Amino acid sequence: MGRTTSIGFHPTDADIFYVGTAIGGVWKTMDGGQSYTPLGDDLPFMAVSSVIVQANQPNNLYIAVSDHVWYGPPGIGVYRSTDGGENWTPTALSFDFADNVRTYWMEADPNNPSKMFVATSDGLYRTDDEFSTIVKVNNINSFDVKIHPSNSNIVYQGARNGEFYRSTDGGLNFNLITDFGGGDVYIMTSPINTSRVYVRNESTLHKSTNSGQTFPNTSTLSTSSGLFVLGQRMQDATT
């Protein structure tokens, strides 16, 4: 399967989730991870860097067909399934393999599942209609994108050069908040403490308590930090 890159969870059944892999496509479990079924063997390319399970229609899946590390292959865009991953079709967001574009992360609006953002090396993209059409928001080499858990007007964008951006108009426009000084910007929000935003930049963890407006708290990450990284994604953010 290669590296595990992402997990997409069913919105109501905790035993069902989908796992994206670096060169093995996407896999489905219906028993909480005891067994897996490979999906998408007929995809034109088997690297998957991000998975979205649509919250209001869990049979609708979206995958970014791409690797996300510099030494891996680039991708061909976003594919969609309407039958739980049995069949896949390309969406309006597509690239030629020769374009050398990597898709790093996708994020769906929790209050409007038809609206999604895609962070790519070619810039940040947005769809408001489940990828029937797309809009390129900006040209920033984007490594991560997250939406405020309780206020969809606030969207966070992390760049590959250490810059952190914030939108207050639902992702139409973004303002540079801070430059962490190089490196990929990983972002994690907290559904328990919605005003908190965590940013990992290289070996430093930054914490905001005012929805990403300032980051006064920093600490150096270590193996005992209590943070877990899966497929280079922070999964902790509840404390």
Side-chain angles (χ1 to χ4, degrees), residues 5-6 47-52 62-78 91-109 112 115-128 131 133-149 151-189 197-208 210-215 218 231-234 237:
T5 61
S6 51
V48 173
S49 62
S50 189
V51 180
I52 287 178
Y62 301 87
I63 58 174
V65 183
S66 171
D67 202 347
H68 65 266
V69 294
W70 64 269
Y71 53 82
I76 55 175
V78 175
T91 68
L93 184 55
S94 63
F95 306 104
D96 289 332
F97 193 76
D99 293 337
N100 199 34
V101 175
R102 285 175 174 79
T103 299
Y104 296 109
W105 196 247
M106 299 193 299
E107 183 83 351
D109 187 335
N112 180 9
K115 180 180 179 180
M116 287 165 265
F117 292 89
V118 185
T120 80
S121 59
D122 186 55
L124 182 67
Y125 290 85
R126 188 188 80 245
T127 179
D128 297 322
F131 289 101
T133 61
I134 55 170
V135 175
K136 190 174 186 180
V137 179
N138 56 48
N139 294 314
I140 298 168
N141 188 345
S142 304
F143 191 76
D144 206 351
V145 59
K146 293 292 190 298
I147 300 173
H148 191 286
N151 184 355
S152 298
N153 288 323
I154 301 176
V155 185
Y156 311 111
Q157 180 182 9
R160 298 213 66 198
N161 62 356
E163 294 177 342
F164 175 85
Y165 294 82
R166 184 176 185 266
S167 171
T168 57
D169 58 8
L172 298 176
N173 301 280
F174 284 80
N175 296 314
L176 175 63
I177 299 300
T178 187
D179 186 347
F180 293 113
D184 297 331
V185 171
Y186 300 78
I187 305 169
M188 182 58 69
T189 59
V197 182
Y198 299 81
V199 168
R200 197 195 93 184
N201 174 242
E202 296 183 330
S203 61
T204 304
L205 178 68
H206 307 271
K207 176 183 174 182
S208 171
N210 57 7
S211 299
Q213 297 180 74
T214 59
F215 287 85
T218 62
Q232 299 187 342
R233 290 283 162 183
M234 291 193 308

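Please read these numbers as outputs of a predicted model, since none were measured by experiment.
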Minimum heavy-atom separation for Asp67 to Ser49, with atom names? C-CB, 4.4 Å

On a heavy-atom basis, the closest approach of Arg166 and Gly212 is CD-O, 3.8 Å

Do the rings of His206 and Phe215 sit parallel, tilted or perpendicular, given the 30° and 60° boundaries? perpendicular

How long is the straight-line distance from CG of Asn161 back to CD1 of Ile140, given to the nearest 0.5 Å? 8.0 Å

Is the backbone N or O of Gly77 less than 3.5 Å from a side-chain atom of Ser94, with the two atoms forming a donor-acceptor pair by type? no

Taking Ser50 for its side chain and Met106 for its backbone only, find out whether a donor-acceptor pair lies under 3.5 Å. yes

Could you tell me whether the side chain of Asn201 and the main chain of Gly182 form a donor-acceptor pair under 3.5 Å? yes

Return the minimal non-hydrogen interatomic distance between Val137 and Leu172, and the atom names on each side. CG1-O, 3.8 Å

Applying the ring-ring contact (aromatic ring centres under 6.0 Å, His included) test to Tyr186, which of Tyr104, Phe180, Phe143 qualifies? Phe143

Anything under 30° is parallel, anything over 60° is perpendicular, the rest tilted; go ahead and classify Phe117 against Phe174. perpendicular

Quick one: sort the Tyr125 and Phe95 rings into parallel, tilted or perpendicular, breaks at 30° and 60°. perpendicular

Matching residue for Pro74 among Asn100, Asp122, Thr103, Asp96 - test: side chain to side chain contact (heavy atoms under 4.5 Å, CB included): Asn100

Side-chain donor or acceptor of Ser66 paired with backbone N/O of Ala64 under 3.5 Å: no

Tell me, do Lys115 and Ile147 make a side-chain contact under 4.5 Å, heavy atoms counted? no

Which heavy-atom pair separates Gly123 from Ser142 by the least distance, and what is that distance? C-OG, 3.9 Å

Check whether any side-chain N or O of Thr168 sits under 3.5 Å from a backbone N or O of Ile154 as a donor-acceptor pair, and report yes or no. no

Looking only at non-hydrogen atoms, find the nearest pair between His148 and Tyr156 and report the distance. CD2-OH, 3.3 Å

Is there a donor-acceptor pair closer than 3.5 Å between any side-chain N or O of Lys146 and the backbone N or O of Ile187? yes

Between the main-chain N or O of Val101 and the side-chain N or O of Asp99, is there a donor-acceptor pair closer than 3.5 Å? no

Taking Ser167 for its side chain and Val155 for its backbone only, find out whether a donor-acceptor pair lies under 3.5 Å. no

Could you check whether any side-chain heavy atom of Leu93 comes within less than 4.5 Å of a side-chain heavy atom of Thr127, counting everything from C-beta outward? no

How many angstroms lie between CD1 in Ile52 and CE in Met116, if you round to the nearest 0.5 Å? 5.5 Å

For the backbone of Phe164 and the side chain of Thr178, can you confirm whether one donor and one acceptor N or O come within less than 3.5 Å of each other? no

Hey, could you give me the CG/CZ distance between Asp144 and Arg200, rounded to the nearest 0.5 Å? 10.5 Å

For Ile177 against Gln213, the heavy-atom pair lying closest together: CG2-O, 3.4 Å

Counting N and O atoms only, with roles assigned by atom type, does the side chain of Arg126 sit under 3.5 Å from a partner on the main chain of Gly170, one being a donor and the other an acceptor? no

